[in-house]
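All of these numbers come straight from a predicted model, not from anything done at the bench. Values below: every heavy atom of this structure, side chains too, minus hydrogens, waters and symmetry copies.
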Amino acid sequence: MAAVGLGVREIPVGILKGNVLHLPPCVLTKLLLLDRLETSAAQRQDQLSFQRMMSSLKLTMDSRLEHTLQSPWEIASQWVVPREVYPEDTPEMGAVLHAMVTKKIVRADVGYKGTQLKALLVLDGGQKVVFKPKRYSRDYIVEGEPYAGYDRHNAEVAAFHLDRILGFRRAPLVVGRFVNLITEIKPVATEQLLSTFLKQGNNSCFYGKCYYCRETEPACADRETMEGSVTLWLPDVWPLQKHRHPWGRTYREGKLARWEYDESYCDAVKKTSPYDSGPRLLDIIDTAIFDYLIGNADRHHYESFQDDEGASMLILLDNAKSFGNPSLDERSILAPLYQCCIIRVSTWNRLTHLKHGSLRSALLSATAHDPIYPVLSEAHLEALERRLQGILGTVQQCIDQFGNDVVMVEDRMTLSHL
């Protein structure tokens with residue numbers, strides 16, 4: 001008789017025959033009930049979280065910060081922890097975004113290293129933000145490879161709010177902003193940035209410093225006023241570490257990455273650090289879902305916090321190569337999902353709650369406050385709905401092949417904001 005020790009008593013629970021423990025029907029029933037109770041509790045938790053998210057989506061752009069004497073920059077800095085950039089409950093979110101839109105620009109410089117045009121601005125109070133200028137109209141369709149074209153400033157705004165909607169909370173804060181290049185930027189610009197200013201007709205322009213920046217391809221304002229996005233710089237006390245994405249592309253014509261021809265590639269990934277333990281592989285799969293929804297096929301690297309030993313979140317930085325072609329659903333972005341065939345239960349529950357038009361309406365509500373609203377064209381909103389159905393179908397195929405218990409991974413972490 002096999003037994004379970006409970007203090008000074010041992011309660012027999014089954015009969016051990018060889019190496020197999022045979023449980024009586026009453027015990028099996030209790031175990032099944034416990035499993036169902038845990039599952040239903042998780043579903044209730046996810047349902048409540050979804051309802052809280054939907055009720056707090058619409059933001060009020062207001063400068064007031066109640067119950068605190070802190071600056072908006074201090075508040076946003078204190079939100080950051082290893083597993084999220086901002087907490088679920090953020091009544092000050094509107095005030096922080098308002099500050100990003102309205103605070104005086106005290107310094108302007110060329111952007112940090114990268115391939116695309118951007119400017120690094122410092123706002124009153126010492127807060128750094130990254131400014132990405134408008135390059136396309138909302139209805140412009142970027143043809144060619146899924147990673148083609150200039151950065152899209154509105155994609156950064158939409159991606160941030162999608163991060164809120166999905167409950168990931170791994171993207172830095174982003175908001176649209178109009179800046180006057182002559183009165184707001186030039187007086188505080190560095191010589192390096194000023195040297196890239198020029199005129200095209202009546203419009204002021206600049207081309208910055210970056211790998212693909214060219215004098216012949218500047219970003220131009222409407223006369224003096226330029227539309228763009230500003231992304232809040234993460235606190236310097238959280239230095240970043242860059243990683244090569246295991247499902248990155250080669251960007252070489254005729255040369256495939258291993259994942260593009262080896263369907264068992266995920267098995268190899270699971271044997272390498274930091275994907276052999278901890279949350280990172282599930283973060284990769286969350287990110288694949290996020291990127292497929294926004295049409296971002298350009299995540300060749302990703303960032304986490306330094307010295308994290310794989311415990312930090314995968315931070316959803318640089319989402320501007322998104323929402324380029326609403327007719328293109330680049331299925332290869334989902335390779336981590338359909339090759340590994342695992343997904344967080346919480347992610348799956350959130351996706352199912354967003355069916356039947358909820359995703360579209362949620363994003364419209366989340367971005368209604370933004371100075372550059374409407375952020376996305378109707379075609380891109382329709383693409384989001386279509387791609388969501390594609391994700392749900394992919395997960396269902398995995399379940400059909402491997403079973404629910406293999407595909408669904410319970411991975412809830414307690415997130416401390418001390």
Side-chain angles (χ1 to χ4, degrees), residues 38-54 57 82-88 159-171 245-247 266 269-270 274-275 278-296 299 302 304 310-316 319 322 331 333-356 358-360 362-363 366 384-415:
E38 289 178 2
T39 300
S40 61
Q43 288 174 341
R44 285 195 299 272
Q45 179 183 336
D46 290 339
Q47 177 68 36
L48 289 172
S49 177
F50 177 73
Q51 291 171 350
R52 286 193 299 269
M53 179 276 295
M54 291 294 283
L57 264 187
R83 290 296 306 169
E84 59 184 14
V85 175
Y86 53 93
E88 182 180 24
F160 162 62
H161 290 288
L162 180 63
D163 175 67
R164 293 176 62 211
I165 292 165
L166 293 175
F168 293 161
R169 300 188 291 278
R170 301 171 204 155
H245 196 298
W247 275 270
C266 183
V269 173
K270 289 177 181 177
Y275 311 107
R280 188 63 57 79
L281 181 58
L282 288 165
D283 282 0
I284 288 280
I285 291 164
D286 281 348
T287 303
I289 290 167
F290 177 80
D291 283 340
Y292 181 70
L293 286 169
I294 64 179
N296 178 19
R299 204 174 295 279
Y302 68 85
S304 69
S312 160
M313 63 184 155
L314 189 164
I315 305 167
L316 297 174
N319 301 306
S322 309
R331 181 168 165 76
I333 300 172
L334 282 179
L337 174 62
Y338 61 70
Q339 289 182 353
C340 297
C341 266
I342 56 173
I343 185 174
R344 282 188 170 102
V345 172
S346 57
T347 300
W348 171 251
N349 287 340
R350 180 58 58 94
L351 292 172
T352 56
H353 288 142
L354 289 167
K355 291 190 298 185
H356 310 308
S358 293
L359 176 56
R360 179 185 182 280
L363 194 57
L384 275 169
E385 290 291 329
R386 186 180 65 245
R387 291 166 187 162
L388 174 58
Q389 292 304 314
I391 294 165
L392 296 174
T394 298
V395 175
Q396 189 58 55
Q397 289 174 355
C398 288
I399 293 171
D400 292 343
Q401 184 175 357
F402 299 107
N404 196 77
D405 290 344
V406 171
V407 177
M408 297 293 164
V409 180
E410 186 57 73
D411 177 44
R412 292 166 200 271
M413 295 188 174
T414 302
L415 302 173

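- Considering only heavy atoms from C-beta on, Leu351 comes within 4.5 Å of Leu166 through its side chain.
- Remark: Ile315 CD1 to Thr287 OG1 distance equals 10.5 Å, nearest 0.5 Å.
- For the pair Ile343/Ile289, a side-chain contact is recorded, criterion being any heavy-atom separation below 4.5 Å from C-beta on.
- One distance of note links CD of Gln45 with OG of Ser346; it measures 8.5 Å at 0.5 Å rounding.
- At a threshold of 4.5 Å between non-hydrogen side-chain atoms, the residues Arg360 and Leu354 do not count as touching.
- Taking all atoms of both residues into account, the shortest heavy-atom contact from Leu293 to Leu384 is O-CD2, 3.3 Å.
- For Asp411 against Pro279, the heavy-atom pair with the smallest separation is OD2-CB, 4.2 Å.
- Within the 4.5 Å cutoff, no side-chain heavy atoms of Gln397 are placed close to those of Gln401.
- Annotation: side chain of Ile333 is not in contact with side chain of Asn296 (no heavy-atom distance under 4.5 Å).
- In this structure, CD on Gln396 lies 12.0 Å from CD on Gln389, to the nearest 0.5 angstrom.
- Rounding to the nearest 0.5 angstrom, the gap separating the NE2 atom in His353 from the CD atom in Gln51 is 8.0 Å.
- Residues that satisfy the ring pair (Phe, Tyr, Trp, His ring centres under 6.0 Å) test with Tyr275, not counting sequence neighbours, are absent from this structure.
- Side-chain contact between Arg387 and Ile294: absent, with no pair of heavy atoms (C-beta onward) separated by less than 4.5 Å.
- Here the shortest heavy-atom pairing between Ala362 and Met54 reads CB-SD, 4.0 Å.
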Disulfide (SG to SG under 2.5 Å) between Cys266 and Cys341, worked out: CA-CA 9 Å; Cys266 183; Cys341 266; over 6 Å; no
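- Ser49 meets the side chain to side chain donor-acceptor pair (under 3.5 Å) test with Glu88, Arg350; sequence neighbours excluded.
- Side-chain contact between Phe50 and Asn349: absent, with no pair of heavy atoms (C-beta onward) separated by less than 4.5 Å.
- Side-chain N or O atoms of Arg280 include none that pairs as donor or acceptor with a backbone N or O of Met313 at under 3.5 Å.
- The two residues Ala335 and Trp247 come nearest to each other via the heavy atoms CB-CD1, 3.7 Å.
- Considering NE2 of His356 and CD of Glu385, their distance stands at 10.0 Å, rounded to 0.5 Å.
- Side chains of Ile284 and Val269 form no contact here, defined as non-hydrogen atoms less than 4.5 Å apart.
- Residues passing the ring pair (Phe, Tyr, Trp, His ring centres under 6.0 Å) test with Tyr292: none are found, sequence neighbours excluded.
- In terms of heavy-atom proximity, Leu337 sits nearest to Cys398 at O-SG, 4.1 Å.
- Interatomic distance, Arg164 CZ to Leu363 CG, rounded to the nearest 0.5 Å: 10.0 Å.
- The backbone N or O of Arg170 sits less than 3.5 Å from a side-chain atom of Asp163, completing a donor-acceptor pair.
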